[in-house]
Amino acid sequence: MKKVCYVGLIGRPNVGKSTILNNILNFDLSIVTHLAQTTRDNIKGIYNDHDSQLIFIDTPGIHKAEFLLSEKLNEKSYSTIKDVDLVLFVTAANEKLGTGDKYIINKIKESTKANLIAIITKIDLVNNKEILDEKASQLKELGFNTVLGVGLGYNQSYYDLIDEIKNYAYDSEPIYEEDQFSDVSLRFMAKEIIREAAINNLYHEIPHSISIDIDEFIEDEDDRKPYKISATIFVKSESQKGIVIGKSGSKIKTISMSARQKMINVFQHSIVLFLRVKVNENWVDDEQKIKRAGY
């Protein structure tokens with residue numbers, strides 16, 4: 001018997017939801033990039049210690065919908081928190097609470113009866129304690145009884161967050177095995193690592209128009225042999241295809257090398273990776289194509 005709690009992370013893009021999850025798990029489960037709107041799936045991370053199992057669900061950042069894909073991702077975030085025990089509303093210390101945040105908070109209250117906590121991230125970027133106190137006061141006025149802060153170099157803040165979450169846990173048989181840190185497959189992780197490498201190596205406007213399909217993931221019976229992974233990077237136009245490939249294939253080579261190295265580090269296994277680029281015309285505004293892409 002353990003203390004169990006389902007926890008949903010929600011907020012605007014690029015406020016640090018994925019970083020919270022990765023720090024709690026001490027593992028890079030959710031991809032983190034310099035661009036907003038990186039997370040597209042509800043990624044489940046599982047924290048285990050001697051008395052608790054906390055199940056975190058990282059959701060896509062809520063943002064103004066420019067494409068049908070954006071609308072679908074927003075819907076996915078709101079639908080996810082309906083079924084959790086605790087919602088962590090995440091906002092960055094170096095950004096003011098705006099109308100977008102207040103809209104999300106109201107939607108959270110409409111969407112779930114779960115307990116609510118506010119998390120202020122990136123507190124290391126704000127030297128003025130009064131600014132942090134003011135933001136915490138604003139969040140309390142918006143209905144959050146508990147407001148916590150986390151940031152780079154503030155390792156204790158994550159332990160404090162875990163302790164606070166445990167206050168909302170209940171007695172239950174563990175849902176997952178104690179050595180399991182996620183319910184996603186190696187195939188899914190490979191897809192996300194490739195997408196992360198592409199985002200970090202492409203022009204600003206391209207990343208939101210790509211999707212990744214793992215065509216083949218072969219694990220040999222001989223564990224000494226490398227995983228053989230073949231994947232397709234889909235873009236929405238011929239012009240984007242040229243950018244992703246790069247002059248004489250230079251860009252796709254860089255993406256492949258970056259993704260392969262991270263897979264080696266994450267999987268602790270040798271990797272052979274093959275990438276290709278195809279056009280899936282205007283897929284971000286086509287409902288059937290969005291479904292086929294897995295969103």
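What's counted below: heavy atoms across the whole structure, side chains too, no hydrogens, waters or symmetry copies.
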What heavy-atom pair brings [X] and [Y] nearest, and what distance separates the two atoms?
X: Ile212; Y: Ala231; answer: CG2-CB, 4.3 Å
X: Asp223; Y: His269; answer: O-CE1, 2.9 Å
X: Leu86; Y: Cys5; answer: CB-SG, 4.1 Å

Electrostatic pair Lys228-Glu216, nearest N-O below 4.0 angstrom: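 No, Lys228 and Glu216 are not salt-bridged.
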Lys225/Glu219 salt bridge by N-O under 4.0 Å criterion: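 No salt bridge links Glu219 with Lys225.
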Judged by atom type as modelled, is there a donor-acceptor pair below 3.5 Å linking the side chain of [X] to the main-chain atoms of [Y]?
X: Ser172; Y: Pro174; value: no
X: Ser182; Y: Lys44; value: yes
X: Gln180; Y: Tyr176; value: no
X: Asp213; Y: Asp215; value: no
X: Ser111; Y: Lys82; value: no
X: Asn280; Y: Trp283; value: no
X: Asn106; Y: Lys102; value: yes
X: Ser137; Y: Asp133; value: yes

Less than 3.5 Å apart, any donor N or O on the side chain of [X] or [Y] sitting next to an acceptor on the other?
X: Asp160; Y: Gln156; result: yes
X: Ser18; Y: Asp58; result: yes
X: Ser237; Y: Ser239; result: yes
X: Asn201; Y: Thr254; result: no
X: Glu178; Y: Asn48; result: no
X: Tyr6; Y: Asp85; result: no
X: Lys135; Y: Thr91; result: yes

Cluster link Ile199 to Phe234, ILVMFWY, side chain under 4.5 Å: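 In one cluster with Ile199: Phe234, no.
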According to the interplanar angle, ranging from 0 to 90°, do the rings of Phe144 and Phe89 count as parallel (below 30°), tilted (30 to 60°) or perpendicular (above 60°)?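 Phe144 and Phe89: parallel rings.
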To the nearest 0.5 Å, what is the distance between CG (Leu186) and NZ (Lys191)?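 Interatomic distance, Leu186 CG to Lys191 NZ, rounded to 0.5 Å: 14.0 Å.
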Atom pair NZ/NZ of Lys2 and Lys166 - distance to nearest 0.5 Å: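 It is 9.0 Å, given to the nearest 0.5 Å.
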Could you go through Phe56 and Tyr47, starting from their C-alpha distance and side-chain angles, then the distance that decides it, and tell me whether this counts as ring-ring contact (aromatic ring centres under 6.0 Å, His included)? CA-CA 8 Å; Phe56 294 86; Tyr47 170 87; 7.1 Å; no
In this structure, which one of Ile119, Leu132, Leu139 forms a side chain to side chain contact (heavy atoms under 4.5 Å, CB included) with Val147?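 Answer to the side chain to side chain contact (heavy atoms under 4.5 Å, CB included) test with Val147 among Ile119, Leu132, Leu139: Leu139.
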